[in-house]
2 protein chains.
Amino acid sequence: MARVTIKEIARRAGVSKGAVSYALNNQPGVSEATRARVLKVAAELEWVPNRAARQLSAARSETFGLVLARTAKTLGEEPFSMGFVGGVESVLARTSYALALQVVADLPAELATYRQWAAERRVDGVIVVDLRVEDPRIPLLRKVGLPAVLVGDPSLADGMACVWTDGTSAMNAAVEHVASLGHRAVARVAGTPEHGHVWIRDQAFTAASLRLGLDVQVVHTDFSAEEGATATRALMTANPRPTAIIYDNDLMAVAGLAVVQELGLRSPHDVTLVAWDDSTLCRHTHPTLTAMSHNIVGYGAEVMCRLLDLLDGARPQAHLYSTPLLIVRDSSGPPPP
Amino acid sequence: MARVTIKEIARRAGVSKGAVSYALNNQPGVSEATRARVLKVAAELEWVPNRAARQLSAARSETFGLVLARTAKTLGEEPFSMGFVGGVESVLARTSYALALQVVADLPAELATYRQWAAERRVDGVIVVDLRVEDPRIPLLRKVGLPAVLVGDPSLADGMACVWTDGTSAMNAAVEHVASLGHRAVARVAGTPEHGHVWIRDQAFTAASLRLGLDVQVVHTDFSAEEGATATRALMTANPRPTAIIYDNDLMAVAGLAVVQELGLRSPHDVTLVAWDDSTLCRHTHPTLTAMSHNIVGYGAEVMCRLLDLLDGARPQAHLYSTPLLIVRDSSGPPPP
DNA sequence: CGTCGTTACTTAACCGGTTCGGCAATCCAG
DNA sequence: CTGGATTGCCGAACCGGTTAAGTAACGACG
């Protein structure tokens with residue numbers, strides 16, 4: 001079964017290669033009758049365009065890129081990346097675009113990947129996650145001219161297209177929740193402060209606690225279950241200890257809950273726990289975990305749509321996706337007397 | 001900054017396009033002096049080969065494909081896929097190959113993707129996960145001539161290259177573990193029996209329990225935390241109830257543990273729980289979970305290496321990657337009296 | 001010294017599309 | 001009825017590589 005090319009279609013339809021190309025791409029230059037005939041022949045022969053050939057002449061790769069700077073191990077553990085990728089794919093499936101996913105070790109490797117992709121013309125655009133404060137990826141992408149949608153706050157995006165969730169409002173909601181339960185000593189187990197969303201939540205946490213007159217502390221971690229557990233152990237064995245802890249993801253919250261139990265304490269009786277991101281994990285612990293919930297899959301889908309818009313000529317804009325919603329579950333309660 | 005092509009290199013080095021190609025690809029046909037000169041010019045101009053052009057003439061895409069038939073949501077929750085992808089990428093990073101990842105809804109969509117990829121010559125080979133009993137993907141891949149490495153038992157691979165872990169031995173170890181603790185009523189919360197590895201574990205579970213004279217039952221689920229919880233609740237509220245439960249992944253085991261606690265029972269006092277896959281989650285529950293541990297990242301890496309071998313002309317073989325190792329943790333104990 | 005075989009290139013075709021310039025045929029206005 | 005614009009299609013160049021075929025120069029050998 002030899003490959004079917006437009007040359008073969010041209011032969012069978014009795015027209016030239018050029019005419020076939022116009023017909024197949026819905027471009028003017030052929031009559032409706034001819035177009036129909038060509039489409040019919042193409043369908044009969046089950047013609048599929050050759051990506052490489054199209055890319056070579058049209059200078060479009062029909063591929064988008066996504067780089068994840070994480071170790072392979074982390075990738076398997078945190079629920080965000082995969083859900084996000086799933087959302088991106090759900091939009092892509094309806095188009096002829098493909099996704100090039102690259103997992104690299106660190107930020108320099110990520111920058112190198114963008115350089116490589118730009119030079120090879122491998123992708124038509126990229127999605128940038130884990131936006132940082134003073135992110136070096138922004139000037140690089142500008143320089144090499146790769147269209148991009150950033151996932152993160154407009155204040156960090158320097159005018160590039162971005163999609164964000166309102167971390168400040170969400171953090172306010174979380175802090176107000178525990179404050180309204182009567183908590184005064186509140187801790188935050190945060191991720192790495194280089195990440196923009198962590199930084200923003202740090203600011204919001206401090207501001208909210210100041211406003212509400214709370215006694216707070218922040219511990220920074222690398223987002224892993226290990227460090228979430230370690231941080232929780234340190235907090236809960238100190239004197240005095242916090243009566244509420246707000247985590248930056250749900251993996252750390254789950255690990256934190258285990259530590260609380262291991263210390264012979266109970267949630268919410270001894271401590272109120274609030275998770276972030278709300279994967280199903282939070283609904284399948286005992287007690288179930290209060291969480292700031294957002295739709296990660298939908299987030300990925302939204303970002304992909306915005307990138308498609310950008311390629312369609314839309315000018316770069318900041319899009320608010322949604323504000324994480326507080327879901328109160330069994331790990332919320334009043335502080336111990 | 002115009003794109004640099006081999007034509008430009010040829011002009012500057014004072015040779016023809018063809019000679020440049022030979023030089024850059026380490027092929028005979030040019031003198032060492034010329035080769036060195038060409039390489040120097042190419043380096044100076046920061047030449048990067050154009051993938052599309054190379055693919056068009058060489059009929060290789062330098063891309064491998066991986067299709068995941070899962071909902072976007074599931075993807076974010078189960079620790080296997082992402083860890084596996086991470087392992088695959090860790091090998092790919094050392095080559096010039098890229099990974100095309102496609103997330104689709106179901107098996108028919110997955111088959112369609114392979115057809116499409118084969119027709120477009122989009123990938124040079126694919127990795128096939130979630131091998132099934134009588135898997136329809138095997139004949140399709142044979143027909144369209146896509147080189148593939150299957151992830152699953154040789155008994156299901158029909159002679160195609162595959163990498164597997166010894167589920168039978170692992171299940172034996174798990175059952176012998178709980179039997180040696182004195183358990184006689186053992187349940188298995190399994191995934192969907194269409195999946196080859198589930199089927200193999202089902203067989204092994206039945207055989208082992210027969211051999212050891214245990215009183216067993218099997219509940220099939222869709223691998224989700226929800227159904228893991230439901231199954232556990234059904235098992236633990238029945239009379240008589242099992243004193244040990246072996247799960248097919250760790251998500252269900254974690255959810256099962258929560259149900260046990262919610263029912264006012266304790267592990268291991270009232271029931272011994274054994275998880276499968278052993279992501280870090282198992283070390284961060286209270287009690288920590290006994291699990292059949294295997295290195296998912298390494299598994300992905302191994303599979304990728306075998307696919308590279310296959311493309312290098314190795315003949316299709318079955319490779320045993322490793323046998324999951326029993327890690328005994330706090331959720332293991334003797335049955336209640 | 002003629003011939004044969006290597007070596008080191010050059011030339012040109014080719015991969016499968018897109019796209020531009022040009023040329024009849026047709027249409028319409030003057 | 002004529003001139004200019006429009007329509008519909010053809011032929012060819014082009015994208016940036018790879019590779020088969022051809023050739024000139026040179027050394028070895030009978």
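Just so we're on the same page: letters track the sequence lines, and every chain starts at 1. Everything numeric in this text was worked out from a predicted model, so none of it was measured.
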If only side-chain N and O atoms of [X] are considered, is one of them under 4.0 Å from the OP1 or OP2 phosphate oxygen of [N]?
{"X": "B:Arg54", "N": "D:dT18", "result": "yes"}
{"X": "B:Ser31", "N": "C:dT7", "result": "no"}
{"X": "A:Trp47", "N": "C:dG16", "result": "no"}
{"X": "B:Thr34", "N": "C:dA8", "result": "no"}
{"X": "B:Asn50", "N": "D:dC15", "result": "no"}

> Do the side chain of A:Lys7 and the base of C:dG17 come within less than 3.5 angstrom through a donor-acceptor pair of N or O atoms?
Replying inline: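 A donor-acceptor contact between them is absent.
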>> Parallel, tilted or perpendicular: which one describes the rings of A:Phe84 and A:Phe80, with boundaries at 30° and 60°?
In response: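 Geometry flag for A:Phe80 against A:Phe84: parallel rings.
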>> Please verify the inter-ring angle class for A:Phe223 with A:His197; under 30° counts as parallel, over 60° as perpendicular, anything in between as tilted.
In response: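 Taking A:His197 first and then A:Phe223, their aromatic rings lie parallel (interplane angle under 30°).
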>> Consider side chain to side chain contact (heavy atoms under 4.5 Å, CB included). Of A:Tyr299, A:Tyr321, A:Trp164, which one does A:Val151 pass it with?
In response: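 Testing each of A:Tyr299, A:Tyr321, A:Trp164 against A:Val151, the sole residue satisfying side chain to side chain contact (heavy atoms under 4.5 Å, CB included) is A:Tyr299.
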Starting at [atom1] of [X] and ending at [atom2] of [N], how long is that distance when rounded to a whole Å?
{"X": "B:Leu45", "N": "D:dG16", "atom1": "CG", "atom2": "C1'", "value": "15 Å"}
{"X": "B:Glu8", "N": "D:dC15", "atom1": "CD", "atom2": "P", "value": "13 Å"}
{"X": "B:Tyr22", "N": "D:dT18", "atom1": "OH", "atom2": "C1'", "value": "8 Å"}
{"X": "B:Lys17", "N": "D:dG16", "atom1": "NZ", "atom2": "P", "value": "9 Å"}
{"X": "A:Glu32", "N": "D:dC9", "atom1": "CD", "atom2": "P", "value": "10 Å"}
{"X": "B:Glu62", "N": "D:dG17", "atom1": "CD", "atom2": "P", "value": "13 Å"}
{"X": "B:Gln27", "N": "D:dT19", "atom1": "CD", "atom2": "P", "value": "6 Å"}
{"X": "B:Arg11", "N": "D:dG16", "atom1": "CZ", "atom2": "P", "value": "15 Å"}

> Hey, which of these two, A:Val15 or B:Ser21, hits DNA chain D nearer its 5' end, going by closest nucleotide?
Replying inline: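 It is A:Val15 whose nearest nucleotide is closer to the 5' end.
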> When the nearest nucleotide of DNA chain D is assigned to B:Ser57 and to A:Arg35 on a heavy-atom basis, which residue is associated with the more 5' position?
Replying inline: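 Between the two, 5'-proximity favours A:Arg35.
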>> Starting the side chain at C-beta, find the nucleotide from C:dG16, C:dT19, D:dC9 nearest to A:Thr5.
In response: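 Output: C:dG16.
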> Taking the side chain as C-beta and beyond, is there a heavy-atom pair between A:Thr34 and A:Val15 under 4.5 Å?
Replying inline: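 They are in contact (side-chain heavy atoms under 4.5 Å apart), so the answer is yes.
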> Hey, does A:Trp117 have a side-chain heavy atom less than 4.5 Å from the side chain of A:Val144?
Replying inline: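 No, side chains not in contact.
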>> Over all strands shown, is B:Ser16 touching base, sugar-phosphate only, or nothing at heavy-atom distances under 4.0 angstrom?
In response: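 Base, at least one base heavy atom under 4.0 Å.
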>> Does A:Ala19 reach a base, just sugar-phosphate, or nothing at all? Heavy atoms under 4.0 Å.
In response: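 Since only primed, P, OP1 and OP2 atoms lie under 4.0 Å of A:Ala19, the category is sugar-phosphate.
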